[in-house]
Amino acid sequence: MAMHVSNACFSVFSHGRVQRIRAIASEDFVTLKTEENNKVKLGNSDLKVTKLGIGAWSWGDTSYWNNFDWDDRKMKAAKAAFDTSIDRGITFFDTAEVYGSRLALGAISSETLLGRFIKERKQKDPETEVAVATKFAALPWRLGRQSVVNALKDSLNRLQLSSVELYQLHWPGVWGNEGYIDGLGDAVEQGLVKAVGVSNYSEKRLRNAYEKLKKRGIPLASNQVNYSLIYRLPEQNGVKATCDELGVSLIAYSPIAQGEVLFKLICNICFISSLALCSLVVHLAMLICALTGKYTPENPPDGPRGRIYTPEFLTKLQPLINRIREVGDNYSKTPTQVVLNWLLAQDNVVPIPGAKNAEQAAEFAGALGWKLTDDEVSELRSLASEIQPVIGFPVEKL
């Protein structure tokens with residue numbers, strides 16, 4: 001832990017050394033207090049995580065991210081993203097068993113990489129604490145509660161950990177979810193995980209999962225859904241209000257509108273044979289970093305994304321982007337940091353932007369430690385409401 005002690009601590013008096021120790025101890029306390037203030041309880045569980053986490057989907061992937069290639073340079077960039085996040089006080093990392101295909105040429109499991117990064121970091125600094133969240137893929141042929149426990153054990157092997165902080169159902173099951181919820185409870189009781197959650201769950205599914213776990217005395221800690229300034233479906237379909245009511249934290253993926261549509265990643269690893277579903281995934285092409293102003297009406301994206309982010313759409317987006325920049329300038333913050341802070345201001349929300357390198361991780365950390373005013377939050381929401389929402393993940397509407 002780095003400490004800066006002023007020259008005033010080095011007294012010429014005989015008790016100067018005592019004064020210096022007291023000064024250092026005081027700084028230690030302030031630093032620890034700051035780190036503690038940077039954490040929130042995940043739902044009604046006992047688990048505390050940093051207010052902002054890091055998504056690790058891109059780490060090791062070669063099917064959508066990284067231009068279909070994974071090499072040492074990208075490995076080092078991902079490791080730098082991990083280390084920079086830790087250095088900046090972000091210790092909550094979200095991954096999944098399907099991130100990084102076992103079948104895609106050159107891919108490495110994101111879980112494997114995260115486990116490796118944690119191990120290397122702890123070798124240098126044994127006191128490092130990392131909170132890991134990973135997910136169970138509710139594939140059609142996975143039936144019953146034991147499939148959840150078995151999958152978690154496989155994830156733990158890849159992560160080189162004996163347990164994780166949070167285990168989530170990645171999406172609702174096709175044939176039913178009762179067994180999966182039972183499996184989450186079993187994982188808690190077997191000491192394999194500290195808290196459990198779901199992802200892409202509608203209000204009805206969320207309430208059912210909550211009640212089923214409650215009967216076993218286990219809190220449902222979180223629901224991870226697509227949520228950003230320009231994709232506010234959780235506010236409109238009752239999911240956000242239900243999370244607040246039940247004491248379930250909302251973990252926001254795609255918080256800067258990058259659009260991590262989860263069915264895309266399933267197709268990426270060749271798990272799905274249904275042509276109809278694959279066609280749907282193609283239709284749900286990935287969104288871009290729209291809110292950061294990366295693309296403009298004069299510079300729209302190429303390829304499939306250009307069909308969603310047309311010059312017409314980007315023109316309508318400009319007033320919001322311009323205001324985001326103006327607000328950011330007032331705080332000396334980037335548009336990305338403003339957008340993330342907007343989500344933090346919603347309360348009971350933990351954004352998890354994906355970081356591919358150290359620069360991105362450092363920028364995300366800059367969203368912490370300050371707060372937009374209520375008027376600014378309302379103004380940005382009002383401007384965003386003028387824009388037709390982009391397509392999200394279809395299962396969340398079931």
Side-chain angles (χ1 to χ4, degrees), residues 33-45 47-55 81 84-86 88-94 131 133 165-166 197 199 221-236 239-245 247-258 260 289-292 320-321 323-355 360-385:
K33 188 71 173 176
T34 300
E35 291 176 352
E36 187 66 19
N37 288 340
N38 191 36
K39 290 186 176 182
V40 292
K41 283 186 65 177
L42 209 57
N44 288 321
S45 72
L47 175 63
K48 285 189 174 182
V49 299
T50 47
K51 293 180 179 179
L52 185 145
I54 295 294
T84 300
S85 299
I86 298 292
R88 299 300 179 94
I90 299 175
T91 59
F92 180 41
F93 295 87
D94 180 83
E165 278 65 35
L166 179 66
S199 182
S222 61
N223 184 19
Q224 185 176 144
V225 296
N226 189 347
Y227 186 32
S228 70
L229 179 56
I230 60 170
Y231 190 79
R232 298 180 313 286
L233 185 64
E235 298 177 357
Q236 300 156 5
V239 166
K240 175 64 166 65
T242 302
C243 284
D244 295 342
E245 173 195 338
V248 175
S249 292
L250 190 156
I251 299 177
Y253 70 78
S254 300
I256 53 176
Q258 292 184 33
E260 300 175 19
C289 302
L291 295 180
T292 65
L320 173 61
I321 292 176
R323 184 54 183 149
I324 289 172
R325 286 173 174 161
E326 291 172 359
V327 171
D329 288 343
N330 292 336
Y331 291 94
S332 298
K333 297 295 180 179
T334 68
T336 294
Q337 291 165 343
V338 171
V339 169
L340 289 173
N341 194 272
W342 184 89
L343 277 174
L344 292 169
Q346 306 311 308
D347 295 327
N348 196 34
V349 174
V350 179
I352 50 167
Q360 289 179 346
E363 183 176 22
F364 297 155
L368 298 168
W370 61 285
K371 189 175 181 180
L372 294 168
T373 67
D374 292 343
D375 288 343
E376 289 166 339
V377 170
S378 297
E379 180 187 9
L380 292 178
R381 176 183 277 107
S382 178
L383 287 171
S385 298

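It should be emphasised that the depicted structure is a prediction, and the values quoted were computed from it without experimental measurement.
Going from atom CZ of Phe92 over to atom CG of Asn38 covers 12.5 Å, rounded to the nearest 0.5 Å. A distance of 4.5 Å separates OG in Ser85 from CZ in Phe93, rounded to the nearest 0.5 Å. To the nearest 0.5 Å, atom CD1 of residue Ile251 and atom CG of residue Leu52 are 11.5 Å apart. Once rounded to the nearest 0.5 Å, the distance linking CG of Leu383 with CD1 of Ile321 reads 11.5 Å. A distance of 10.5 Å separates CG of Asn341 from OG1 of Thr334, quoted to the nearest 0.5 Å. A distance of 6.5 Å separates CG of Asn223 from OG of Ser199, quoted to the nearest 0.5 Å.
In terms of heavy atoms, Gly53 sits closest to Pro353 at O-CD, 3.3 Å. Nearest approach of Tyr231 to Asn226, heavy atoms of both residues: CD2-O, 3.4 Å. Taking every heavy atom of both residues into account, Ala361 and Ala81 meet most closely at CB-O, 3.5 Å. Considering all non-hydrogen atoms of both residues, Leu344 and Ala367 come closest at CD1-O, 3.6 Å.
Residues forming a side chain to side chain contact (heavy atoms under 4.5 Å, CB included) with Arg88 (at least two apart in sequence, or on another chain): Thr84, Ala362, Ala365. With sequence neighbours excluded, the residues forming a side chain to side chain contact (heavy atoms under 4.5 Å, CB included) with Asp244 are Lys240, Asn348, listed by chain and number. In this view, Ala384 and Leu229, Ile230, Arg232, Leu320 satisfy the side chain to side chain contact (heavy atoms under 4.5 Å, CB included) rule, not counting sequence neighbours. Residues passing the salt bridge (Lys or Arg N to Asp or Glu O under 4.0 Å) test with Glu245, sequence neighbours excluded: Arg207.
A side-chain N or O of Asp94 and one of Gln224 form a donor-acceptor pair less than 3.5 Å apart.
For residues 324-348, the ring-ring contact (aromatic ring centres under 6.0 Å, His included) pairs, not counting sequence neighbours, are Tyr331-Trp370. Here salt bridge (Lys or Arg N to Asp or Glu O under 4.0 Å) pairs that include residues 328-349, with residues two or more places apart or in two chains, number zero.
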Step by step, would you call Leu372 with Leu380 a side chain to side chain contact (heavy atoms under 4.5 Å, CB included)?
CA-CA 10 Å; Leu372 294 168; Leu380 292 178; 4.3 Å; yes
Applying side chain to side chain contact (heavy atoms under 4.5 Å, CB included) to Ile324 and Val339, what does each step give before you reach the verdict?
CA-CA 8 Å; Ile324 289 172; Val339 169; 3.9 Å; yes
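Side-chain atoms of Leu368 and Thr50, non-hydrogen and from C-beta on, never get closer than 4.5 Å to each other. Side-chain contact between Leu166 and Ser222 is present, with heavy atoms from C-beta onward closer than 4.5 Å. No side-chain heavy atom of Thr242 sits less than 4.5 Å from a side-chain heavy atom of Val248.
A donor-acceptor distance shorter than 3.5 angstrom exists from the side chain of Ser385 to the backbone of Arg381, with no hydrogens or angles considered. Judged by distance alone, with hydrogens and angles left aside, the side-chain atoms of Gln337 form a donor-acceptor pair with the main-chain N or O of Glu363 at under 3.5 Å.
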